[in-house]
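Working notes, structure below.
Computation of the quantities below employed the complete heavy-atom set of this structure, encompassing side-chain atoms and omitting hydrogens, waters and symmetry-equivalent molecules. Chain A is the first sequence line, chain B the second, and so forth, proteins listed ahead of strands; every chain is numbered from 1. Quantities reported herein were computed from a predicted structural model and do not represent experimental measurements.
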There are 2 protein chains.
Amino acid sequence: MQIRKQHLVDTAYRLFNEHGYHATGIDRILAESGVSKATLYKHFRSKDDLVIAVLRQRHEQLIQAIGKAVEQARESGRSPGLAIFDVLDEWFRGDHFFGCNFINASAEYAEEGNAIHRLAAEHKAAMQDLIEHGLVEIPNRRQRQLMAKQFSLLVDGAIVRAHTRGDRDAAQLAKKLAAQMLCQR
Amino acid sequence: MQIRKQHLVDTAYRLFNEHGYHATGIDRILAESGVSKATLYKHFRSKDDLVIAVLRQRHEQLIQAIGKAVEQARESGRSPGLAIFDVLDEWFRGDHFFGCNFINASAEYAEEGNAIHRLAAEHKAAMQDLIEHGLVEIPNRRQRQLMAKQFSLLVDGAIVRAHTRGDRDAAQLAKKLAAQMLCQR
DNA sequence: CTTGACGTGAACAGATCTGTTCACTTAACC
DNA sequence: GGTTAAGTGAACAGATCTGTTCACGTCAAG
């Protein structure tokens, strides 16, 4: 991707996180990225198009980060099914945590049919698949799918709790619950 | 409360739900409620003030509805701790479900110090207290508090799942998990 | 009958929003 | 040296945003 285009996406990503999607105007993204308006509209057809590009990039980042954590857990003998909660924990404690881009976008673009709303749904479905893939410890397929759904719900719950309430320990709370589910089975 | 003021809050509540907070302009609220702009600014100092009034009303509604459900569960011998998930289930299956106003507002007014963001945090804290109060089945106080935290996380996870993915069964998924937690203890 | 609370409608201010257009520059490449 | 792609800066359009102001209605209570 071209330098300017990438720069726009990165700046937009930061501003969307810090202030929300509608509250962040094109002009501010341009000012802070130092890119001209004509260039933006050469790369993106609309602001929504830029939002989608930001979300796509974030999606790739997350899939990669979680996939890697699962892999590392497996290699070091820790539970791969619980690895995602350690990723969350690190995320929540970082300086730049503003909740999940997809949950936030879903809230702002509330209509079910909206392209951005649908993108968020697809992301969450992909996350659930990734979680299911990490639950190698469970041999039974139906049981694994059910637990992946529940873990995915725990992940979203932890993110929302961390964001709305500023509870940095939300990941550990969810992890404890998830661990009990795994043991108990 | 005056008729006009109440009408404004009700209309704003509906539009904020359907389209989000920033995406809903004052003019639209006025047009659909049939109230004049001067009246709005007589009752509310700003749009944010109207948002806050909407959220306060919703807060009262929810506290009352859940309190009632817990009470009824207790009377009819069902588990009061799980009653909240039945409230969620009914909510998710209704025609007018657009996620949690507070989670959505928290996303749009992302800054931690923002008054609306803080209001959402307070609401979630109150919900957790209500949940804890419903967990009469658990005698140990520390254990009850921990489980209230976890149940609160499950509630938020279910709401987000239902909203972003359109999964109407999210409440049952969370309830199943919660029930296991209660049994296992 | 007057007062005061409540409300209307419309104009206005001033900012900000997304998106378009165009003449000009820069720099790499054949 | 000429071509081409990428970008700039600035003006512009037209809509929409929040918020203010003011002259004018309506109506119930004292």
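- If you check residues 14-25 of chain B against DNA chain C, you find no residue with a heavy atom closer than 4.0 Å.
- Defined by atom type and a distance below 3.5 Å, a donor-acceptor pair is missing between the side-chain atoms of Gln128(A) and Gln145(A).
- Under the salt bridge (Lys or Arg N to Asp or Glu O under 4.0 Å) criterion, Asp27(A) pairs with Lys37(A), not counting sequence neighbours.
- A straight line from CG of Leu40(B) to P of dT8(C) spans 11 Å, rounded to a whole angstrom.
- Residue pairs meeting the salt bridge (Lys or Arg N to Asp or Glu O under 4.0 Å) criterion with at least one partner in residues 7-18 of chain A, sequence neighbours excluded, are Arg14(A)-Glu18(A), Arg14(A)-Glu32(A).
- Atoms CG (Leu30(B)) and P (dT16(D)) sit 15 Å apart, rounded to a whole Å.
- Taking atom CG of Leu50(A) as the reference point, atom P of dC17(C) lies 14 Å away to the nearest angstrom.
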Nucleotide N/O to protein N/O under 3.5 Å, stretch nucleotides 19-21 of chain C:
unit_1, atom_1, unit_2, atom_2, d
dG19(C), OP2, Tyr41(A), OH, 3.0
dG19(C), OP2, Lys47(A), N, 2.8
dG19(C), N7, Lys37(A), NZ, 3.2
dG19(C), O6, Lys37(A), NZ, 2.8

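- Residues that satisfy the side chain to side chain donor-acceptor pair (under 3.5 Å) test with Lys175(A), not counting sequence neighbours, are Asp86(A).
- The ring-ring contact (aromatic ring centres under 6.0 Å, His included) test applied to His22(A) returns Tyr109(A), not counting sequence neighbours.
- Linking ILVMFWY side-chain heavy atoms closer than 4.5 Å, directly or via other members, places Leu153(B) and Leu82(B) in a single hydrophobic cluster.
- Qualifying side chain to side chain donor-acceptor pair (under 3.5 Å) partners for Asp156(B), counting only residues two or more places apart in sequence or in other chains: Lys124(B).
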Atom pairs, protein N/O to nucleotides 4-7 of chain C N/O, distance under 3.5 Å:
unit_1, atom_1, unit_2, atom_2, d
dG7(C), OP2, His43(B), NE2, 2.9

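- Note on the helix from dC1(C)-dG30(D) to dC30(C)-dG1(D): angle between the axes of the first and last five pairs equals 10°, rounded to 10 degrees.
- Every residue two or more places apart in sequence or in another chain was checked for a side chain to side chain donor-acceptor pair (under 3.5 Å) with Asn114(B), and none qualifies.
- A salt bridge links Arg93(A) with Asp169(A): the closest approach of a Lys/Arg side-chain nitrogen to an acidic carboxylate oxygen falls below 4.0 angstrom.
- In this structure, Lys47(B) forms no cation-pi arrangement with Tyr21(B), as its terminal cationic atom is not both closer than 6.0 Å to the ring centre and no more than 45° off the ring axis.
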Distance-only check: which donor-acceptor pairs under 3.5 Å involve side-chain atoms of residues 59-72 of chain B, not counting sequence neighbours?
unit_1, atom_1, unit_2, atom_2, d
His59(B), ND1, His123(B), ND1, 2.8
Gln61(B), OE1, Arg58(B), NH1, 2.9

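- Side-chain contact annotation: Gln6(A) with Gln57(A), donor-acceptor N/O pair under 3.5 Å present.
- For the ring-ring contact (aromatic ring centres under 6.0 Å, His included) condition, the pairs that include at least one residue of residues 138-185 of chain A, sequence neighbours left out, are Phe85(A)-Phe151(A), His163(A)-His117(B).
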